[in-house]
Amino acid sequence: MRRDTPGNDRTRRGPPTTRTVAAMAMILAVGIGLPAAAAGALTTTASRSAAHAHRGVAPRTLPAAQTFTYTGSEQAYTVPAGVALVGIDAIGASGGAGPIGAGGVGETLTAYLPVTPGEVLYTEVGQDGSTGGSATFGGGGAPGAQSDGLQGAGSGGGASDVRLCSASAASCEGGGTSLASRIVVAGGGGGGGGIGTAEDTVCGGGEFAGGANTGGPIQTFPAGKFIDGGNDSSTSPSTQATGGTGTAPGSAGLDADCTVNTESFPGGVAGTGGSGPTGGTGGSASGNEGAGGGGAGGYFGAGGGSSGQTCTTSPASCTWGTNGSGGGGGSSFVSKVAWIGSQLIIGGSESPPSITFTPIISITTPRSNATYALGRAVDAAFECNGLETGTCTGAVANGSPIATSTVGTHRFVVHGDISGQVVTGTVTYHVKRTTKTAVSCTPASVKAGHATRCTVTVNDTSTEGNAVAPKGSVGFTAVGAGKFATTRCSLRKTSATTARCSTSYTPRKSGTRDVKAVYSGDTTHLASGASVKVKISK
């Protein structure tokens, strides 16, 4: 969605029109292999999501949505308690406008990510490009240098992304770098080209707008789904600066030689290609031609546009200088870990760059990674947010008992429906058998400097299923001067339901000691503990 009006006025920004959304839906249906008949249903989903995009949906008792805007530094989002699924709305930054042609718009993505309460997600919100500006936060490339007092080209817009670990981390869990941990990337738009002194574009330059990201085509790779960045709008004989793709950065723009009415125009200065997530720099103007726009940042950055050309046939009278070309748009990305359901809402947006996290599914009970006693009555409590149609259903109904009748690791799944798209939140919890720990020390009264033998017995006390002798170890502590032969002993089975171990304790001063024994539990049994008093005489 390139703008063909001057400037970079954000007051006109708003959600895509129904016609635009319908076009996006058809592109998307083809891109993800849906039949053409499914495009109508997808249009409804896309138009509703474009209008709401979660940002305008008021939560009930779920935590409120949190929006991050450009600050020039990394920001962190901590998943609230109970939240199992968040919606992520990502908007890449727009490219800076050229003197006549606009910069390209950034990409907008809406995806869904399964999360764990307390998990931290890191976000980098891209910076909008500007006319004659410098490189932007988020990988947007700088425009070429302008000369002769003419208005300059625009810098490329930065990408907005969400990462699993901080940009300042040397490496992430599993060995990936911070960039490799990106799970959502909304590419920026390319910067517009600078203006030359010619009354028209003469050769090349075209609308000299930057590459816009308008929602396609989609490419699927093992890592996830990529959306190609837009190319700039330069025309033959110019070579366009291309957008980033799912496999590589975009290439640089280049103006070729041309002749118009016997006037020759040698090729302008080429831009530079994108490098990794960073957009290329636009070609610099050497005379009265326009400079090239900067390439946008993205999962892969775009190429910078070339400068225009200057007439050289008659130096004394020829003052023509053609317009520079825009930079390409950066590519966008949604990781397979964030891909929920069969639909991904995408499209170009003129809204300011941002990242918004909206809690969609909250599961209060069972708690994530909680452990419950075998047979304990635990009632489910969950909620969905942002549902426009459909229901919010769990493994059991709200207020009904969750499964605690079998030992092991369990998953509690909640399904929500967002305009026909099923989204899922999941928590894992554990069920274990109960235990009772008893400890005794013999003799119960000793002189300082003399040892007493402390024995621990751990029993399986669950009444359901078949009892199993506890395994694992027991730790000992005592406040005051004294020493254990070993502070931890390993249990040994003494019956079908019981295990035991012991150690010796030597107190050093008179008084009373509380000897505490704590069984740490095993894969089948819950932890438990007990204490006993030992009297010490001089």
Side-chain angles (χ1 to χ4, degrees), residues 81 116-118 365-378 401-410 427-538:
T116 302
T365 307
R367 297 191 316 275
S368 176
N369 209 36
T371 301
Y372 300 103
L374 179 68
R376 176 184 170 186
V378 179
I402 66 172
T404 60
S405 60
T406 57
V407 171
T409 299
H410 300 257
V427 297
T428 298
Y429 67 99
H430 313 281
V431 175
K432 295 185 178 183
R433 301 182 68 84
T434 57
T435 63
K436 183 177 181 180
T437 295
V439 58
S440 62
C441 296
T442 306
S445 297
V446 295
K447 289 184 177 182
H450 291 259
T452 181
R453 192 72 178 174
C454 297
T455 301
V456 176
T457 302
V458 183
N459 288 288
D460 182 321
T461 58
S462 284
T463 58
E464 297 189 18
N466 297 320
V468 180
K471 299 179 181 180
S473 62
V474 176
F476 294 90
T477 59
V479 177
K483 183 178 181 181
F484 290 98
T486 177
T487 57
R488 184 168 291 277
C489 66
S490 297
L491 291 172
R492 293 184 180 182
K493 180 179 177 180
T494 57
S495 73
T497 62
T498 305
R500 183 175 295 156
C501 66
S502 61
T503 188
S504 63
Y505 174 62
T506 305
R508 293 178 183 173
K509 293 182 179 181
S510 62
T512 300
R513 301 284 190 277
D514 279 328
V515 175
K516 296 182 179 180
V518 177
Y519 169 53
S520 54
D522 61 19
T523 57
T524 303
H525 294 91
L526 290 168
S528 58
S531 64
V532 64
K533 292 186 182 298
V534 176
K535 293 182 179 180
I536 305 101
S537 59
K538 294 182 179 179

Ser537 and Ser510, any side-chain heavy atoms less than 4.5 Å apart
no

Would you say the side chain of Thr487 lies within less than 4.5 Å of the side chain of Thr477, judging by non-hydrogen atoms?
no

Within a strict 4.5 Å, meaning less than it, do heavy atoms of the Tyr519 and Ser473 side chains meet?
no

If you define the side chain from C-beta out and look only at heavy atoms, does anything of Thr371 sit under 4.5 Å from Leu526?
yes

Correct closest heavy-atom pair for Val515 and Cys454 would be CG1-SG, 4.2 Å

Listed partners of Thr461 passing side-chain hydrogen bond (donor to acceptor under 3.5 Å, both in side chains), at least two apart:
Thr434

Check whether any side-chain N or O of His430 sits under 3.5 Å from a backbone N or O of Val407 as a donor-acceptor pair, and report yes or no.
no

Minimum heavy-atom separation for Ala81 to Pro117, with atom names?
CA-CB, 4.0 Å

Would you mind reporting whether Tyr429 and Ser368 have side-chain heavy atoms less than 4.5 Å apart?
no

Check residues 490-501 and write down every donor-acceptor pair under 3.5 Å in which the side-chain atom is one partner and the other belongs to a residue at least two apart or another chain.
{"residue": "Thr494", "atom": "OG1", "partner": "Thr498", "partner atom": "O", "Å": "3.3"}
{"residue": "Ser495", "atom": "OG", "partner": "Thr497", "partner atom": "N", "Å": "3.3"}
{"residue": "Ser495", "atom": "OG", "partner": "Thr498", "partner atom": "N", "Å": "3.1"}
{"residue": "Ser495", "atom": "OG", "partner": "Thr498", "partner atom": "OG1", "Å": "3.2"}
{"residue": "Thr498", "atom": "OG1", "partner": "Asn459", "partner atom": "OD1", "Å": "2.5"}
{"residue": "Arg500", "atom": "NE", "partner": "Thr457", "partner atom": "OG1", "Å": "3.0"}

Sidechain N-carboxylate O distance under 4.0 Å for Asp460, Arg433
yes

Without swapping roles, check the side chain of Thr365 against the backbone of Arg367 for a donor-acceptor pair under 3.5 Å.
no

To the nearest 0.5 Å, tell me how far Ser504 OG sits from Phe476 CZ.
10.0 Å

Find out whether Thr455 and Val439 are in side-chain contact, i.e. whether some heavy atom of one side chain is under 4.5 Å from a heavy atom of the other.
no

Taking all atoms of both residues into account, what is the closest heavy-atom pair of Thr512 and Lys535, and its distance?
OG1-CG, 4.3 Å

Which pair of heavy atoms, one from Ser520 and one from Arg488, lies closest together, and at what distance?
OG-NH1, 4.0 Å

Salt bridge (charged side-chain N to carboxylate O under 4.0 Å, His left out) partners of residues 441-459, not counting sequence neighbours, each pair once:
none

When you measure from the side chain of Thr503 to the backbone of Thr486, do you find a donor-acceptor pair of N or O atoms at a distance under 3.5 Å?
yes

List the residues meeting salt bridge (Lys or Arg N to Asp or Glu O under 4.0 Å) with Lys533, not counting sequence neighbours, and say none if there are none.
Asp514

Check against side chain to side chain contact (heavy atoms under 4.5 Å, CB included), Thr406 and Val431
CA-CA 7 Å; Thr406 57; Val431 175; over 6 Å; no

OG1/Thr452 to CZ/Arg513 distance, rounded to the nearest 0.5 angstrom?
12.5 Å

Looking at residues at least two apart in the chain, or sitting in another chain, which of them share a side chain to side chain contact (heavy atoms under 4.5 Å, CB included) with Pro507?
Val446, Tyr505, Ile536

Closest non-hydrogen atom pair between Asp522 and Thr524, with its separation
OD1-N, 2.8 Å

Specify the closest pair of heavy atoms between Thr404 and Ala373, including all atoms of both residues, with the distance to one decimal.
CB-O, 4.1 Å

Quick one: list whatever passes side-chain hydrogen bond (donor to acceptor under 3.5 Å, both in side chains) with His450, sequence neighbours left out.
none

